[in-house]
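Read the structure below first, then the notes.
Residue numbering restarts at 1 for every chain, and letters A, B, ... go by the order of the sequence lines. Quantities reported herein were computed from a predicted structural model and do not represent experimental measurements. Because only heavy atoms are used, hydrogens play no part in the values below, and waters and symmetry mates are left out as well, while side chains stay in.
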Amino acid sequence: MPPWPPPLPAVASLPYQCSVLLRNLAARHSPVPSSPSSFLRALRCLHARLLSAALLHNPSHPHLTLRLLHLYTLSPDLATPAILFRSDPGPIAATSLVSAYAIAGRLPDAASFFDYVPLHRRDTVLHNAMISAFARASLAAPAVSVFRSLLGSASLRPDDYSFTALLSAVGQMHNLAAPHCTQLHGAVLRLGVGAVSSVSNALIALYMKCDAPEVARDARKVLDEMPVKDELTWTTIVVGYVRKGDVHAARSAFDEVDGEFDVVWNAMISGYVQSGMCAEAFELFRKMVSKRIPPDEFTFTSVLSACANAGFFLHGKSVHGQFIRLQPDFVPEAALPVNNALVTLYSKSGKISVAAKILDSMSLKDVVSWNTILSGYIESGCLDNAASVFKEMPYKSELSWMVMVSGYVHGGLAEDALKLFNQMRSEDVKPCDYTYAGAIAACGELGALKHGKQLHAHIVQCGFEASNSAGNALLTMYARCGAVKDARIVFLVMPNVDSVSWNAMISALGQHGHGREALELFDQMVARGIYPDRISFLTILTACNHAGLVDEGFQYFESMKRDFSIIPGEDHYARLIDLLGRAGRIGEARDLIKTMPFEPTPAIWEAILSGCRVNGDMELGAYAADQLFEMIPQHDATYILLSNTYSAAGRWVDAARVRKLMRDRGVKKEPGCSWIEVGNKVHVFLVGDTKHPEAHTVYKFLEMVGAKMRKLGFVPDTKFVLQDMAPHQKEYVLAAHSEKLAVSFGLLKLPLGATVTVLKNLKICGDCHTAMMFMSLAVGREIVVRDVRRFHHFNDGECSCGNYW
DNA sequence: ATAGGGTTAG
């Protein structure tokens, strides 16, 4: 019979071996004494030996404590900690239980053991353990009150441990005021514990966490007065300067110790990563390796995240290799964050299958691992894989929901996003502001204004009104739904508008025909010292486009290069060309192409093409079409555009060739629809190949619409009435409560072609009244006034745009 | 029997 508990392994490989030992014990891989009392005795013996090896409370190995605790709680009929405690309800057992539970993140259990000890039996050490338990959980107030009760006790006095724990607890508070630090500093000096390095370290950390900029000096003073400085002193200083945003001060402090202590390297490397200086982080790691300082799990995690952030994938791969060589030294718990960082690295470098393989090979996974692979799949566009990971992941956090909701929105599946959001709330998961932002963006996609407004109310209720992500999402949603007024209110209410907010507001004005106002707002933004980015200029060009402000558009384009040194991208050029084309200055557009520093892209040719359509310059149009044809397939719309252009240019054979290509490649023509509000009804128009209005297709479409709306949980009592308006066109009236339901089919994104088709259909129906209303809705949205005016005369035969599917 | 710093997912 082998001895029990098994003998502890040699010192060199202690943490790893002990972890394995404890895991095997928990899994009953080792012989276990038959009687509960001898199991308990042996377990306590093991516990004591781990403690004497200083392993259990070594901050690098909290997982050993967890494993041991797990072993204690393993079978309820054996030695649960409660039974352990009942056999010895004194302060000593309570202290180790309080700290064990605190490390395990189970604060309520820790507190209850503290409470069980009668007042007269509590000693300073127990108080200290409780204070640090609260500190770990970032709960400053209860920690302070435990410290107060220690002060109030007649027989007890706080010692250096008490102060260290208290200072760390107070440091968890947000917006800590400098006077508090000075006050605590005074108390430390009065009680004469300032010479103890742990107290001074905590004091330095406290000063560094203060918002006031000048406290760094006070921290430095504490440092200079310390008789003995240890490695944690220097780490605290380095970390503190990084937190204050002063990487250079951190680096000079690091150079002051000359890398004498290993952990300071970690602090400096991660400091560089946090400040976005990934190249410096990697350089330091290289230096560390050349000095033969062994990297630990923190080093690996930081440097890998540096590689992932900066796109140093080859460097990352070599770090991966080094980690593999050292891997046997790491317990699974220590390897976990490194593996997580590896999964991130490979996801970001586009090697999602390698990332999945690493995840698969991990013996230990946590929420972070699952969330990482989830966002990896979403970023690489594998929504299906993401959805199945989401379904099967053993634990979810709020972040998982957030990633999935916004993943659906980004992937164009707004309905699924809202469905998931509703499911989330029915499962009582509290959404954070980012998740709300995702759901609101989904409403914007769908044009579900009422639903969006409800979410706005929730946001106010949850206190997320000051959040920029939520505010920007609301702003964009209102803009997409055409509620510029509401968008403006959100913009005015937001406490810290950022450049995203400005861009969104400018775009809201621009898209709804308030071109001049959009330009004014842009100038205001610049005057306020907010630097416009490339998105700002895209927005401005769009605004100019919608308002027909050609010369202004040109001026802003020049100013972008000259005053803000932003290099125009293909999208900027495409918009400028579009602007020129619509103004009939297609020749200038053609000249502009020649000045571009890159070869024309499909977007550029498309812009030229639409300009040619407006101007009837079919020669240049056909040339652009030829260029596009070479680049096909870019996206589905290109085929239709091409075929129509060739037809308009009289090149019927080429048009037919495009149509054949379209058929061969299986490009689907899906029916689209449009909407119009009349009174409290919403009319939905079916747009598409209406020459084959087989009844079942029409009804199928209606069913689809109905199912979609029911799924979204909007107006459930909506009735569909089918009315025959004309042989070539069907109109469905939604007897809705004037909600812009039809917008939920994504119709605000209705392109020019579709609008033209609707107008054409209305002409066929002879419903000029509706047509006029439709135009008034269309004007200033995606459609430019002059385009609509062209069809004011409804000259069918001349329509070069054709149908939009 | 108790303390201080450093890590990963958007």
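Taking the ring centre of A:Phe390 as origin, the terminal cationic atom of A:Lys396 falls inside the region bounded by 6.0 Å and 45° from the ring axis.
In this structure, the nucleotide among B:dT7, B:dG4, B:dA1 sitting nearest to the side chain of A:Phe298 is B:dT7. Distance from the side chain of A:Ser270 is smallest to B:dT7 among B:dA9, B:dT2, B:dT7. Comparing B:dG6, B:dT7, B:dG4 by their closest approach to the side chain of A:Ser168 singles out B:dG4. For A:Val125, taking side-chain heavy atoms from C-beta onward, the closest of the listed nucleotides B:dA1, B:dG10, B:dG4 is B:dA1. Comparing atom distances between the A:Val368 side chain and each of B:dT8, B:dT2, B:dG4 picks out B:dT8 as nearest. Proximity note for A:Asp123 (side chain, C-beta onward) versus B:dG4, B:dT7, B:dA1: the nearest is B:dA1. Here the nucleotide nearest the side chain of A:Glu379, chosen from B:dT8, B:dG10, B:dG5, is B:dG10. Of the candidates B:dG4, B:dG10, B:dT2, B:dT2 carries the atom nearest the A:Asn128 side chain, counting heavy atoms from C-beta on. When each of B:dT8, B:dA3, B:dG6 is scored by its nearest atom to the side-chain atoms of A:Tyr161, the top-ranked nucleotide is B:dA3.
Residue A:Asn266 places no side-chain atom within donor-acceptor reach of the base of B:dG5, judged by atom type and a 3.5 Å distance cut-off alone. For A:Ser198 and B:dA3, a side-chain-to-base donor-acceptor distance below 3.5 Å is present, hydrogens and geometry of angles not being considered.
For A:Thr235, no side-chain nitrogen or oxygen approaches OP1 or OP2 of B:dG6 to under 4.0 Å. The side chain of A:Arg243 contributes an N or O atom lying less than 4.0 Å from OP1 or OP2 of B:dG6. The side chain of A:Gln274 places no N or O atom within less than 4.0 Å of a non-bridging phosphate oxygen (OP1 or OP2) of B:dG6.
For the atom pair A:Thr301 OG1 and A:Asn339 CG, the distance stands at 9.5 Å (nearest 0.5 Å).
Using a 4.0 Å heavy-atom distance criterion, A:Ser197 is classed as a base contact. Among the atoms of the strands shown, none is found under 4.0 Å from any heavy atom of A:Asp160.
No hydrogens or angles considered: nothing links the side chains of A:Ser112 and A:Asp115 as a donor-acceptor pair under 3.5 Å. For the 3.5 Å distance criterion, the side chains of A:Tyr207 and A:Arg220 fail to qualify, holding no donor opposite an acceptor.
When the C1' atom of B:dG4 is taken as reference, atom NZ of A:Lys209 falls 9 Å away, rounded to whole Å. One interatomic measurement links the two molecules: CG of A:Leu342 to P of B:dT8, which rounds to 13 Å at whole-angstrom precision. One can place CG of A:Leu336 at 13 Å from P of B:dT8, the figure rounded to the nearest angstrom. Regarding A:Phe134, its CZ atom lies at a distance of 17 Å from the C1' atom of B:dA3, rounded to whole Å. Between the P atom of B:dT7 and the CZ atom of A:Phe323 lies a distance of 17 Å, rounded to the nearest Å. Look at CG on A:Asp296: it is 14 Å from P on B:dG6, rounded to the nearest Å. Rounded to a whole Å, the CG atom of A:Asp433 is 16 Å from the P atom of B:dG10. Counting to the nearest Å, the P atom of B:dT2 and the CZ atom of A:Phe114 are 16 Å from each other.
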*Apply side chain to side chain contact (heavy atoms under 4.5 Å, CB included) to the pair A:Ile204 and A:Met226, showing each step before the final yes or no.*
CA-CA 11 Å; A:Ile204 292 171; A:Met226 278 175 77; 4.1 Å; yes
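Using cut-offs of 30° and 60° for the angle between ring planes, the A:Phe312 and A:His315 rings count as perpendicular.
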